[in-house]
Amino acid sequence: MSSAVEPATVAGDSESAGPPVDPDYPVTPVPLHARKPFFSLAVVLLGFTIFTPTMLAGAALGTAFSFWKLMVVIAAGSAILGVYVAMMGFVGARTGLTTVVMARYSFGTRGSKLASILLGGTQIGWYGVIIGTIGDLTAQALGWDSYLARRR
């Protein structure tokens, strides 16, 4: 019996058959035992809607349209997003593939890098939107009025 520890699998190392280095399965199908239950995913998705910039955008839409036109805009936007997300979720649930791996099948290895850059860029962009919104609301709440806070 050996007490030596096996080295972790390194990307591109086909000789070792140890556990994956990243437990989130970024480039391999997620096995059934590692998939998250519906409730935990629903909580995350609900968090996307209860979000300060989303509420501010909704408030701006609410004043831009009459009530019935607003209902049509909300229904159309929700239907488009719902169909898109449902199709992606269905494929992901059936295959265990992440968005990045699905992009490899659609766009190839090189093309999927563009999809990854776009996804990463939107995350960085939304972080900037959140910081700007929270900073602006904090400045308004505390009565801070400076050149840097109000420069637009």
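Reckoned from all heavy atoms, side chains included, excluding hydrogens, waters and symmetry mates. Quick caveat: nothing in here was measured; it's all calculated off a predicted structure.
- Annotation: side chain of Tyr105 is not in contact with side chain of Ser112 (no heavy-atom distance under 4.5 Å).
- The side-chain heavy atoms of Val101 and Tyr25, taken from C-beta on, include no pair separated by under 4.5 Å.
- In this structure, Met102 and Val91 approach most closely via the heavy-atom pair SD-CG1, 3.3 Å.
- The two residues Gly96 and Arg35 come nearest to each other via the heavy atoms CA-NH2, 3.1 Å.
- Between Leu70 and Leu61, some side-chain heavy-atom pair lies under the 4.5 Å cut-off.
- Between Met71 and Trp68, the closest side-chain pair of non-hydrogen atoms falls below 4.5 Å.
- Listed here is the closest heavy atom pair of Thr98 and Val30: CG2-CG2, 4.5 Å.
- Taking 4.5 Å as the limit, every side-chain heavy atom of Phe65 sits out of range of all side-chain heavy atoms of Val72.
- The main-chain N or O of Ala75 is never found under 3.5 Å from a side-chain atom of Ser78 such that the two would form a donor-acceptor pair.
- Residue Ile131 holds its CD1 atom at 13.0 Å from CH2 of Trp126, rounded to the nearest 0.5 Å.
- Rounding to the nearest 0.5 Å gives a distance of 8.0 Å between CZ of Arg104 and NZ of Lys113.
- The shortest non-hydrogen separation linking Leu119 to Thr122 is O-OG1, 2.7 Å.
- Nearest heavy-atom pair across Thr133 and Pro53 is OG1-CG, 3.8 Å.
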